[in-house]
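Because the structure is a prediction, the values reported are computed rather than measured. Counting starts at 1 for both ligands and their atoms, in listed order. Just so it is clear, the values below take in all heavy atoms, side chains as well, and ignore hydrogens, waters and symmetry mates.
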Amino acid sequence: MDIRIGHGYDVHRLDVQGAGGGRPMVLGGVEIECDFGPISHSDGDAVLHAVTDAILSAIGEPDIGQLFPDTNPDHEGEDSKVFLLEALERASAGGWAIGNVDITVICDEPKLGPHKEQICDSLRTLIGAPLNIKGKTHEGRDLIRAIEVHALALVQRSTQSS
Ligand code: MG
């Protein structure tokens with residue numbers, strides 16, 4: 001069995017939705033009620049961006065910024081599930097199965113707790129593998145309002161397919 005691990009990281013500044021330029025807050029494909037939202041080219045789903053990069057990194061493919069540059073107008077406001085599904089397709093094409101995914105979300109607002117289960121359900125449906133997600137805060141150091149996400153993905157394939 002060939003086993004590899006990949007790490008993904010994403011950060012988005014947050015601002016007031018609408019007037020401040022913030023988009024609706026979407027995490028792991030789940031829209032969350034919040035006064036603030038990400039400043040982003042796509043829908044700004046930092047969880048999906050970090051998970052996508054973790055999977056792409058584990059299987060040795062180009063990163064999300066290379067595959068979907070934010071200078072491409074086609075991806076303006078794009079649903080980030082498109083990026084994750086591309087990573088999953090590349091994994092599948094290479095014979096890789098996703099072992100598990102571990103995610104840490106760091107932001108002061110919104111609180112992750114009330115939304116954790118819904119986000120986990122959404123991600124499990126998309127990825128089809130065990131995953132865990134945990135929330136941390138910036139401990140009041142959040143001078144610039146932002147959301148950060150770290151993700152690890154373990155992938156595996158039988159050595160016959162390499
Ligand atoms: Mg991003």
Side-chain angles (χ1 to χ4, degrees), residues 5-91 98 100-113 115-116 118-129 131-139 141-155:
I5 194 165
H7 174 257
Y9 169 80
D10 196 36
V11 59
H12 281 274
R13 282 191 302 119
L14 303 178
D15 210 331
V16 177
Q17 289 186 22
R23 292 184 180 276
M25 176 66 79
V26 185
L27 292 177
V30 176
E31 189 161 337
I32 288 170
E33 202 166 315
C34 183
D35 292 337
F36 296 89
I39 306 288
S40 60
H41 182 67
S42 69
D43 69 0
D45 190 326
V47 169
L48 290 189
H49 294 177
V51 171
T52 297
D53 252 350
I55 292 169
L56 289 170
S57 187
I59 63 175
E61 290 283 326
D63 67 35
I64 191 171
Q66 292 172 282
L67 294 179
F68 304 102
D70 63 8
T71 50
N72 184 342
D74 290 348
H75 301 304
E76 169 77 34
E78 183 77 277
D79 182 339
S80 295
K81 290 196 275 297
V82 168
F83 309 148
L84 176 61
L85 292 174
E86 173 67 24
L88 291 169
E89 276 179 27
R90 286 176 182 243
I98 311 298
N100 75 303
V101 174
D102 186 47
I103 303 160
T104 303
V105 179
I106 309 132
C107 68
D108 289 345
E109 191 181 338
K111 298 290 182 221
L112 198 68
H115 311 287
K116 253 170 99 166
Q118 202 184 350
I119 294 171
C120 275
D121 287 347
S122 166
L123 289 169
R124 281 192 199 103
T125 301
L126 289 166
I127 299 169
L131 66 94
N132 191 55
I133 186 165
K134 53 205 173 293
K136 310 288 282 186
T137 73
H138 287 105
E139 292 285 342
R141 297 180 298 113
D142 195 5
L143 299 178
I144 300 173
R145 197 175 283 271
I147 183 164
E148 292 179 89
V149 181
H150 292 269
L152 290 169
L154 195 78
V155 299

Which N, O or S atom name in H49 marks its closest approach to the Mg ion (ligand 1)? ND1

I'd like to know if E78 and R23 make a salt bridge, using a cut-off of under 4.0 Å between side-chain N and carboxylate O. no

Criterion side chain to side chain contact (heavy atoms under 4.5 Å, CB included) against L123, the qualifying member of V101, V30, L27, V47: V47

Looking at H12, the N, O or S atom sitting nearest the Mg ion (ligand 1) is NE2

Tell me yes or no: between the side chains of H49 and D10, is some donor less than 3.5 Å from an acceptor? yes

Backbone or side chain, does D10 get an N/O/S atom under 2.8 Å to the Mg ion (ligand 1)? yes

Between F83 and H75, is the ring centroid distance below 6.0 Å? yes

